[in-house]
Every structure is written in C-alpha cells, then in structure tokens.
Amino acid sequence: MATNPMQRKARNSFLLGMLIMLLICGIIIALLFMQLMNNNKKEQEKFGKSVDVYALNQDVSSGQVITSDMLVKQTVAEKVVPRNATSDLSVIENYALQDKEGNEIYTKAKNGEAKLYVRKKDNTEYEIQQEEETDNYYITKSGNKEYIELNTIPLVAKVNMKKNTIITTEFLNKSDSLVQDDVRKQQYNMIILPMDLVTGEYVDIRFMLPSGQDYIVVSKKEVEIPKVGGVDSEDTVWLNLTEDEILNMSCAIVEAFQIPGSKLYATKYTEPGMQDAATPTYPLNESTIALLRNNPNVLEKAMNAIATRYNNNNASELRNNHINNAISAQGDQAKTNLETKMQESTSNSKTDRKEYLDALSGAAE
C-alpha cells in the first residue's frame with residue numbers, strides 16, 4: 001500500500017528516535033559498567049587480595065579444648081588478616097606436638113619448605129624425618145638414627161572467643177598434660193561447689209582445716225556436671241584424674257570426714273587458657289605414700305613428682321602440726337564422723353545414680 005510523504009516522515013522520525021534512545025541506553029549501560037569496574041578495582045586496591053584462613057564456627061570459652069570440627073575455612077581480605085593466620089590445618093595441629101619425653105615439636109621453614117623439628121631439654125635442635133618404609137619418625141644424632149614417638153597435646157583457647165574469630169597460634173595454648181593411660185573419670189558428691197560452676201570450667205580441689213590451713217589437693221581439672229532430668233546435678237561432679245590424683249583425693253576425703261569443721265571445696269580459674277596449673281600442696285599421710293610407691297598403675301613421672309613435692313621436711317611438718325593433730329584431737333569422734341560421712345556419701349551416690357537412670361528412662365519414653 002502506498003504511503004504519503006507525511007506517513008514516511010513520521011515513520012522515519014520514529015525509527016530515528018528509537019535508534020537515538022537505544023544509543024543513549026547503550027552509552028548509559030557502558031558508563032554504569034565502567035563505574036562498576038572502577039568501584040571493584042578501588043575495593044581490591046583498598047582491601048588487597050583475598051586469602052583463606054580458619055575461623056571458629058562457634059563460641060568457645062577460655063580453657064576449652066579446640067578440635068578440628070570447631071574450625072571452618074573462610075575467604076577474607078588479606079589486609080584484615082593477622083600474618084600468623086593460616087589456611088593449613090596441619091600448622092595448627094603441629095603446634096600441639098611433643099615427643100614421649102615431653103620435648104617440644106615445632107614447624108620451621110627450611111629451603112622454602114615447612115619441616116618438623118624437636119628441641120631437647122638441653123636446647124639442642126634436630127630435624128625430624130620419616131622413614132618411607134615404616135613411617136616411623138626419627139632424628140639423626142651423632143650420625144645415628146634415634147627413633148622418636150610423637151604425642152598430640154590438646155590445644156585450648158587462651159581467652160574467650162566468639163564465632164568467626166580467625167584462629168592463630170597466639171590464641172591457642174597447649175594443655176597442661178596429655179591424657180595418660182592411668183586417667184579415669186571419677187565421680188564425687190562431697191565437694192562444696194561454686195554456685196555458678198558449669199561443665200567445661202576448670203577448678204582446683206582444696207582442703208581447708210578449721211584452723212584456716214588451706215591445701216591444694218588436685219589442680220586445674222576440667223569439670224563435667226551430670227544432668228539429672230535435664231538439669232545440672234547440684235552436688236555431683238565428674239573429674240578426669242590420674243591414679244596418684246585419685247589416691248590424693250581419697251586421702252583428703254577421709255581426713256575431711258574425720259575432722260569436723262573442715263571442708264573439701266572447689267575454686268574456679270578465671271582465665272584457664274592463660275593460667276598455669278597450681279602446684280598441689282596437700283601433704284599425704286605415710287600410708288598413702290606407701291601405697292603410691294607400691295602401686296603399678298602410678299606412672300614413674302608422677303611418683304617422682306610426688307616424692308619431690310611431699311617427701312620434704314616442710315610437708316612432714318605441715319602434716320604433723322596441723323592435720324594429724326586435728327585428727328588426734330577428735331579421738332573416737334573422728335572414727336564416728338568418718339563412718340557417718342562415708343555412709344552419707346554412699347547413699348548420695350546411689351540416689352544420684354537412680355535419679356540419673358530414671359531421667360534417662362523418662363527421656364527414652
């Protein structure tokens with residue numbers, strides 16, 4: 001159909017307008033894209049390149065053991081990350097190494113590669129190597145191979161840390177001791193507990209006489225409080241103790257029962273990740289020391305520590321002047337007190353056990 005000049009002019013004007021509009025939109029889009037690229041470039045210049053690090057996936061408290069399931073890898077800007085942060089979990093794991101003799105194991109760069117080293121008690125340093133055939137670890141000393149056995153020590157948080165905190169070795173501390181073969185979980189219901197004590201906190205167990213003499217029986221033990229009916233037990237705690245510590249506690253419990261007015265109580269550490277374990281000061285009696293000497297379950301290292309700690313004039317003087325005198329002053333009453341308290345403790349243990357099992361049974365239903 002033929003069109004007149006006015007229609008052709010209107011159509012051409014419309015097409016020209018559309019072309020101009022598309023051109024303007026293209027220019028605007030190009031400008032916006034350039035602006036976006038420029039902003040991204042500025043952001044990269046501001047924060048630098050990204051790096052991978054390990055961060056916490058939950059809140060942890062001071063003294064809490066850090067395990068690999070608590071860590072998650074995150075990508076963050078390099079400029080906001082401490083230099084000692086790492087994306088290599090083995091660096092953190094190697095920080096928790098010692099050999100069986102308690103010598104420090106650490107990682108150090110050699111020819112651009114991370115190598116394991118051991119520092120002996122005399123401060124001599126040796127590179128740790130591994131046999132390909134047996135996978136055994138060894139050091140070369142005076143031209144001879146000396147095999148070593150590695151121990152992993154639990155790592156604990158030095159301070160309270162919130163979720164997403166980037167982990168560095170500066171935030172971690174090595175636990176005071178390894179889990180030894182003679183460690184057992186012990187239940188106690190005769191210890192006076194702090195009002196706000198919760199599972200995971202660290203305590204010293206102390207023994208105080210009516211005269212005010214105060215002794216540390218065992219030090220820096222992590223507490224686990226059993227739940228009865230979904231509620232924390234009011235008077236029962238579980239502690240992981242070595243054989244010698246179990247005997248220390250048993251001796252202190254008996255004497256606390258014998259001496260009216262004495263008490264066995266727990267005190268909390270304020271920053272267990274930063275604070276070292278206190279040195280036990282409770283002087284054992286002669287019969288307990290004799291039992292320790294003849295007990296095959298007590299490790300030699302522990303026995304030596306006990307001998308050094310207790311077999312000295314000061315310990316003997318403390319016992320003779322305070323604890324033994326306090327027991328002797330009670331006479332037959334001490335025996336009666338002991339029998340009564342032992343019966344109460346046994347009865348409490350049975351009651352706690354029954355309530356615990358009843359709670360488990362109720363939860364299962």
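Residue indices begin at 1 and follow the sequence shown.
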Requested in this report: Please assess Leu155 against Val65 for the test side chain to side chain contact (heavy atoms under 4.5 Å, CB included), listing each intermediate value before the final yes or no.
Outcome: CA-CA 6 Å; Leu155 290 177; Val65 174; over 6 Å; no
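- A heavy-atom distance below 4.5 Å is not found between the side chains of Tyr269 and Ser62.
- The local environment of CD in Glu234 is sparse, with at most 12 non-hydrogen atoms from other residues, nucleotides or ligands closer than 6.0 Å.
- Nearest heavy atoms, Pro210 versus Ser262: CG-N, 3.9 Å.
- Gln64 is listed as a side-chain neighbour of Met70, based on a closest heavy-atom distance under 4.5 Å.
- Side-chain heavy atoms closer than 4.5 Å link hydrophobic residues (I, L, V, M, F, W, Y) into clusters, and following such links, possibly through other members, connects Ile192 to Met208.
- A 4.5 Å side-chain heavy-atom check between Tyr215 and Leu209 finds at least one atom pair inside the cut-off.
- Side chain of Ser142 to main chain of Asn144: no donor-acceptor pair is present (N/O by atom type, distance under 3.5 Å, no hydrogens or angles).
- Atom CD1 of Ile139 is separated from atom CD1 of Ile128 by 7.5 Å, given to the nearest 0.5 angstrom.
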**Report entry** Working for side chain to side chain contact (heavy atoms under 4.5 Å, CB included), residues Leu239 and Lys185
**Finding:** CA-CA 6 Å; Leu239 303 174; Lys185 180 182 284 188; over 6 Å; no
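- Under the 3.5 Å distance criterion, with hydrogens and angles disregarded, no donor-acceptor pair is assigned to the side chains of Glu149 and Asn136.
- Counting all heavy atoms, side chain and backbone alike, Val156 lies closest to Tyr202 at CG1-OH, 4.3 Å.
- Within the 4.5 Å cutoff, side-chain heavy atoms of Asp196 are placed close to those of Lys268.
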Report task. List the steps, then state whether side chain to side chain contact (heavy atoms under 4.5 Å, CB included) holds for Met190 with Ile253. Result -> CA-CA 8 Å; Met190 72 294 296; Ile253 289 168; 3.7 Å; yes
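- Between Glu255 and Leu264, every side-chain heavy-atom pair lies at or beyond the 4.5 Å cut-off.
- A salt bridge does not link Lys220 to Asp276: none of the charged nitrogens lies less than 4.0 Å from a carboxylate oxygen.
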**Report entry** Test side chain to side chain contact (heavy atoms under 4.5 Å, CB included) applied to Leu56 and Lys163, step by step
**Finding:** CA-CA 5 Å; Leu56 290 172; Lys163 181 179 179 180; 5.5 Å; no
**Report entry** Chi angles and distances behind the side chain to side chain donor-acceptor pair (under 3.5 Å) call for Asp122, Thr124
**Finding:** CA-CA 6 Å; Asp122 59 0; Thr124 54; 2.6 Å; yes
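- If you take OH on Tyr117 and CD on Glu125, they are separated by 6.5 Å, rounding to the nearest 0.5 Å.
- Under the 4.5 Å side-chain criterion, counting only non-hydrogen atoms from C-beta, Ile105 is in contact with Leu116.
- A heavy-atom distance below 4.5 Å is found between the side chains of Thr267 and Arg206.
- Considering every non-hydrogen atom in both Asp214 and Thr281, the closest pair reads O-OG1, 4.4 Å.
- A salt bridge does not link Glu271 with Lys158: none of the charged nitrogens is closer than 4.0 Å to a carboxylate oxygen.
- Ion pairing of Lys120 with Glu146 is present here, as a side-chain N (NZ or NE/NH1/NH2) and a carboxylate O approach within less than 4.0 Å.
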Report task. Please step through side chain to side chain donor-acceptor pair (under 3.5 Å) for the pair Asp52 and Thr75, ending with a clear verdict. Result -> CA-CA 4 Å; Asp52 291 332; Thr75 301; 2.7 Å; yes
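- Counting non-hydrogen atoms of other residues, nucleotides and ligands closer than 6.0 Å to CZ of Phe33 gives a total of 12 or fewer.
- Between Glu131 and Lys145 there is a salt bridge, with a side-chain nitrogen of the basic residue lying less than 4.0 Å from a carboxylate oxygen of the acidic one.
- Taking CD of Glu224 as the start and OG of Ser233 as the end, the distance is 11.5 Å to the nearest 0.5 Å.
- Between Asp232 and Lys227 there is a salt bridge, with a side-chain nitrogen of the basic residue lying less than 4.0 Å from a carboxylate oxygen of the acidic one.
- Counting heavy atoms from C-beta outward, Gln187 and Val237 have side chains that stay 4.5 Å or more apart.
- In this model, no donor atom of one side chain and acceptor atom of the other lie less than 3.5 Å apart for Tyr137 and Asp99.
- Closest heavy-atom contact between Ala278 and Ile216: CB-CD1, 3.7 Å.
- For the atom pair CG (Leu197) and CE (Met195), the distance works out to 11.5 Å, reported to the nearest 0.5 Å.
- Going from atom CD of Gln58 over to atom NZ of Lys162 covers 12.0 Å, rounded to the nearest 0.5 Å.
- Met161 and Met274 fall within the same hydrophobic cluster, where Ile, Leu, Val, Met, Phe, Trp and Tyr residues are linked whenever their side-chain heavy atoms come under 4.5 Å apart, directly or through other members.
- Atoms CE and OH, on Met249 and Tyr282 in that order, are 10.0 Å from each other to the nearest 0.5 Å.
- Smallest separation of non-hydrogen atoms from Leu193 and Thr236: CD1-N, 4.4 Å.
- A continuous path of Ile, Leu, Val, Met, Phe, Trp and Tyr side chains, each step under 4.5 Å between heavy atoms, connects Ile20 with Ile28, placing both in one hydrophobic cluster.
- No path of Ile, Leu, Val, Met, Phe, Trp and Tyr side chains, each step under 4.5 Å between heavy atoms, connects Tyr138 with Tyr126, placing them in separate hydrophobic clusters.
- Side chains of Tyr265 and Asp204: a donor-acceptor N/O pair is absent below 3.5 angstrom, by distance only.
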